[in-house]
Structures are given as structure tokens and as C-alpha cells.
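Whatever order the structure lists ligands and atoms in, that order sets their numbers, starting from 1.
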Amino acid sequence: MNNALSPVHIIGGGLAGSEAAWQIARAGVPVVLHEMRPVRATDAHKTEFCAELVCSNSFRSDDSETNAVGVLHREMRAMDSLIMRCADAHQVPAGGALAVDRDGFAAAVTAALEEHPLITIRREEVAGLPPADWDNVIIASGPLTSPALAEAIGALTGEAELAFYDAIAPIVHFDSIDMDKAWFQSRYDKAGPGGSGADYINCPLDREQYDAFVTALIEGPKTQFKDFEKTPYFDGCLPIEVMAERGRETLRHGPMKPVGLTNPHNPTVKACAIVQLRQDNALGTLYNMVGFQTKLLYGAQIETFRTIPGLERAEFARLGGLHRNTFLNSPKVLDRALRLKAQPRLRFAGQITGCEGYVESAAVGLIVGRMAAAERLGRELPPPPQTTAIGALLNHITGGHIETIDAGPRSFQPMNVNFGLFPPLDFTPKAPDGKRMRGPEKAIAKKRALSARAEADLRVWLDSAS
Ligand SMILES: Cc1cc2nc3c(=O)[nH]c(=O)nc-3n(C[C@H](O)[C@H](O)[C@H](O)COP(=O)(O)OP(=O)(O)OC[C@H]3O[C@@H](n4cnc5c(N)ncnc54)[C@H](O)[C@@H]3O)c2cc1C
């Protein structure tokens, strides 16, 4: 414990800020946590608790062998996460998921922070840039960052680099796309600034398939905007179902236009419409469905998108959405230690960095808290390996995502942790009898191997970092 050190300041006592405060204090560094509730409300929070869960009470799958968020749970537990400790203590029955009694959970997090001698909680809004004498700051103000702070951040980053809505197109695991039906080609074979001329995966629809697809979009169940979200449609990011409602041919003239592309599997037949997927991460394991932001319910998305030729067995790393969400264009404006390049005393954590979800937000808070504490103690924290869930998530935020391969709009969008963010294995898992595996059996074996590699690599990293 070292009260002589000047404190790290954290703005926002949500999932990320609470975890960051805990990690910094357990490293012996004092923390001042500035949380604006109850002095100032957000549109979604209802209590005064730190780490309030604003919607579902689930931390998703707790299966650390075959589910990436389960791996992240395991890693956070190994790093003495306050969020995981309180979640485990306030668990409610939910099958294979980790769900919590929301008030018991948030009250426990708040009490642990209040009781820690190195943590001071100030109930106040930071309504602009932090004072100049705060030399080590974590901004963890979340998807509903107060307008005054958001404005100040936007002025530092440039307005174009701070978004107020996400527009999420689904992302597909490359190895689940049927390349006997789909093919690689850029429109008119254009290479663009960062491409090769064959950068997109194309999936062709004939007239009958297109008509059925449009009907499914129009008739499918949708999520509704919350009152405070208003209707954030703006040019270039209309949901596909809204485009379909504007006219049955609209999509064929928009994101599904079939021009400049020739199907090598069937070169003489012209497709009625073509869905394009663009590489999403540097590893080449994930592809996003270009222009396919949508408010269809998740089940309807899976069902409808699997009618697209080539995507019949698609596995989705992320499904589409459109929400009120404040987040940075992190790959551009943050460095590898999540510091703002324009002003490195400011670090960012949680959903505002472009991760998605309670667990991911807390995980980024955990690692950023450790980075801030190490800096205050004059130590170097080596980054977690990309083969771990936490390292894979950080890599997505700060560098693994491909910004754009052509002159399109910025494409960085929030992401849950998933195995597609992990570097692929350098071997093919075999059955115990040495035979090659296929289908679901092979997929499960790969996940188990990725999880085992993550566990081993985290252990080595923790030993080297301590
Ligand atoms: C409506 C909604 C529903 C969601 N539902 C889910 C869900 O069901 N499951 C899921 O996994 N994820 C969900 N999310 C996404 C996300 O995971 C959560 O929002 C998560 O709480 C983000 O963690 P965070 O710490 O980044 O932000 P938050 O938990 O929101 O914490 C940010 C904190 O900063 C405070 N704050 C903001 N501005 C200031 C300021 N200027 N000064 C001081 N304090 C400030 C806020 O009061 C808040 O307490 C949802 C998001 C929203 C907006």
C-alpha cells in the first residue's frame, strides 16, 4: 500500500471503471473513482450502484472449454476480478450461463469498492476534459457517456472518430462459408488502396432466392429502439429491412447489387443479387456482411442469412444491430496501451473502446487498470498474448481489425469476444484414434485446443508479469 503515490483517476463506475479501480487498488495504488450517478442520471441506469447491469442479468456462457466468453471468465477469475468474484457470489440458476441477482451483484461490487482503503468514490460528473493535473486517467464512461464529456473527447479525437450509434453488420467465421458456391472477387476486380482485386467473398442469389429473402426481411421480427434512442437512421447505414421496405428492388441497387462480378462456378448465369463479405480482421478468420446492419431479432437473422447461397452453414461471430452507443475509432486514436495518442495521460476502458458486453467491458477495465497501475509504479506491463481471450479482445480494439480495404466508410464496430479473434491453431486436432475429424466434432476439438492454448499462455504471461 502506498498513499504517497498520487492517484489514478477513473471516470465512470460501471463494469469497466469498477474493475479498473479494484485492480489498481490491489496493486497498491490509490484511486479516485468519479461516478456521476445519482447526481446525474443516464437514460438506462436506474440505481446508484456501481457496475449496474442496465439490461439482461447474464454474463453469458460459463463454458471455458468451448466458448470464448467462458474462456474470458476463466482468465478474469485468474486475475482476481472483482466483477467475476461478485458475479460468482450472486449467481442465479441459468443452465450453462452465468447469470446473477442484479441488485445483489451490484451492491456487492459497490461495497467492495467503498470499503477498500485505497479507493475514494466521488459522486460527480466530470463535465469536460479532466483537469490538467490528473496525470493518469481512465475514461470508462460507457455507451451513455454524458454529453459534456463526450463533446470534450470528440474535440480531442476529431468528431469523425467518436460515434454515437453503432451500425453493426453480421460477421461470419470464414471457415463456415461454402466456397464451392461463393467466390473471391472485388467489384470490377479493382484492387483499391489496400486490396488485391479479389478481396471480397461473393454469394449469388437468383430471382426466386432474392424475392424470398426480401420477404423474410420485411416480415421478420425486429427489435425496437428504446425511447431514448430515437431513430438514428442516417445516410449509408440504413438497416437492410428498412431498405427492403422502401422497395423490393432497393437492395439490388444498394448493398446487394450484382454488377462487376462474375461467378466462376457458373460464369454464364448472371445473378439477380449478390451479397458481399469483406475481410474483417488481419488474421483473415472473420468476414463482415457489407452493408448488412439490421434490427432483425438474432434468431431471424440466423435463419434468414442462412438462406443465402454459400452461407447455409454460416457460423456468426457477431450478429447485426443498431444501438445508441458512444465509442471511439480505437484502432486509429488509441495506442496499444489504450492511451489516447493525442493526449497519452488519458486511457480508455470498457464499451467506449469498441468492445461489446458486460464481460468484455469489465475485462478491458481489468487490463487497463493493471496498465495504469504499472505505469504509476514505474513498471512495464507486457501485453497479454493474442492467444488469450483478453489479448485477442485487446488486439481487436487496437490493431487486429482491418480498417478498410477500399474508400468506404470507417468499419470498426463493437465486438464481443469470440474464437474468430484468436490466431488460428498451427496444427489440426485429431481424434483420439488419430483419425481426421469432420463437422461439429472438428469444430468442438478446435475450440477445446484454442481454449487449452489460451490457458497455458495466460499462465506464462501472468508469471512473467508478476
Ligand atoms: C440500453 C443498453 C442495454 C445493454 N444491454 C446489455 C446486455 O443486456 N448485456 C450486455 O452484455 N451488454 C449490454 N449493454 C452493453 C454494455 O455491455 C453495457 O452498457 C456495459 O455496462 C458497459 O460497461 P461500461 O463500464 O463501459 O459502461 P457503464 O457500465 O455504462 O458505466 C459507465 C458509467 O459512467 C458513468 N458516467 C458517464 N459519464 C460520466 C461522466 N461524465 N462523469 C462521471 N461518470 C460518468 C455512468 O453513470 C456509468 O455508471 C447494453 C448497453 C445499453 C446502453
Considering only heavy atoms, which of E52, E35, R123 lies nearest to atom 35 (C) of ligand 1? E35

Residue pairs passing the ring-ring contact (aromatic ring centres under 6.0 Å, His included) test where at least one lies in residues 70-112, sequence neighbours excluded: F59-F105

So which protein heavy atom does atom 22 (C) of ligand 1 come closest to, and at what separation? S361 OG, 3.4 Å

Do V333 and L162 have side-chain heavy atoms sitting under 4.5 Å apart? no

protein heavy-atom neighbour closest to atom 15 (C) of ligand 1 works out as Q351 OE1, 3.3 Å

Only heavy atoms of L15, strictly under 4.0 Å: list the atoms of ligand 1 that pass. 21 (O), 23 (O), 25 (O), 29 (O)

If we only count heavy atoms from C-beta on, is the L334 to F348 side-chain gap below 4.5 Å? yes

Within the 4.0 Å heavy-atom shell around G350, which atoms of ligand 1 are there? 26 (O)

Under the 3.5 angstrom rule, does the side chain of Y358 hit a backbone N or O of S56 as a donor-acceptor pair? yes

Against the six-membered ring of F419, is K446 placed for a cation-pi contact (under 6.0 Å from the centre, within 45° of the normal)? no

Minimum non-hydrogen distance to atom 44 (N) of ligand 1, winning option of R60, K226, M36: M36

With a 6.0 Å cut-off (strictly less than), is the heavy-atom count around CD of E151, excluding the residue itself, greater than 12? no

Part of E360 within contact of ligand 1 (heavy atoms, under 4.0 Å): neither

Atoms of ligand 1, numbered as shown, that sit under 4.0 Å from any heavy atom of A16: 25 (O)

Taking only heavy atoms of I11 into account, list the atoms of ligand 1 that are under 4.0 Å away from them. 40 (C), 42 (N), 43 (C)

Which residue supplies the protein heavy atom nearest to atom 31 (O) of ligand 1, what is that atom called, and how far is it? G14 CA, 3.1 Å

Protein contact to atom 30 (O) of ligand 1 [nearest heavy atom, distance to 0.1 Å]: H45 CE1, 3.4 Å

Got P239 and K222 here, is their nearest side-chain heavy-atom distance under 4.5 Å? no

Identify the protein heavy atom lying closest to atom 42 (N) of ligand 1, giving its residue, its atom name and the separation to 0.1 Å. V126 N, 3.0 Å

Does E303 have more than 12 heavy atoms from other residues, nucleotides or ligands lying within 6.0 Å of its CD? no

Region of A140 engaging ligand 1 - heavy atom pairs below 4.0 Å: backbone

Just distances here: any N/O of L144 and N/O of ligand 1 closer than 3.5 Å? no

Please determine whether side chain to side chain donor-acceptor pair (under 3.5 Å) holds for the pair T294 and Q301, giving the CA-CA distance in whole Å, both sets of side-chain angles, and the decisive distance to 0.1 Å. CA-CA 8 Å; T294 174; Q301 286 190 41; 4.7 Å; no

Are R37 and E124 close enough for a salt bridge, meaning some N to O gap below 4.0 Å? no

Residue pairs fulfilling ring-ring contact (aromatic ring centres under 6.0 Å, His included) with at least one residue in residues 16-40, sequence neighbours excluded: H9-H34, W22-H116, H34-W134

R123, CZ atom: more than 12 neighbouring heavy atoms under 6.0 Å: yes

Looking only at protein heavy atoms, identify the closest one to atom 34 (O) of ligand 1 and say how far it is in Å. G12 CA, 3.2 Å

Give me the residue, atom name and distance of the protein heavy atom closest to atom 38 (N) of ligand 1. S146 N, 3.2 Å

Answer whether the closest heavy-atom distance between the side chains of L156 and L346 falls below 4.5 Å. yes

One finds that the ligand 1 atoms under 4.0 Å from a non-hydrogen atom of L149 are 41 (N)

Assess R40 for proximity to ligand 1: is some non-hydrogen atom of it under 4.0 Å away? no

Can you list the ligand 1 atoms lying under 4.0 Å from a non-hydrogen atom of S56? 8 (O)

Flag yes if more than 12 heavy atoms outside Q91 fall under 6.0 Å of its CD atom; otherwise flag no. yes

Region of H34 that comes within reach of ligand 1 [heavy atoms, distance under 4.0 Å]: backbone

Using a 4.0 Å heavy-atom threshold (strictly under), name the region of V54 that reaches ligand 1: side chain, backbone, both or neither. side chain

In terms of atom number and element, which parts of ligand 1 are under 4.0 angstrom from non-hydrogen atoms of R37? 47 (O), 49 (O)

Students should be able to answer this: which protein heavy-atom is nearest to atom 14 (N) of ligand 1, and at what distance? Y358 CE2, 4.3 Å

Side chain, backbone, both or neither: S141 near ligand 1, heavy atoms under 4.0 Å: both

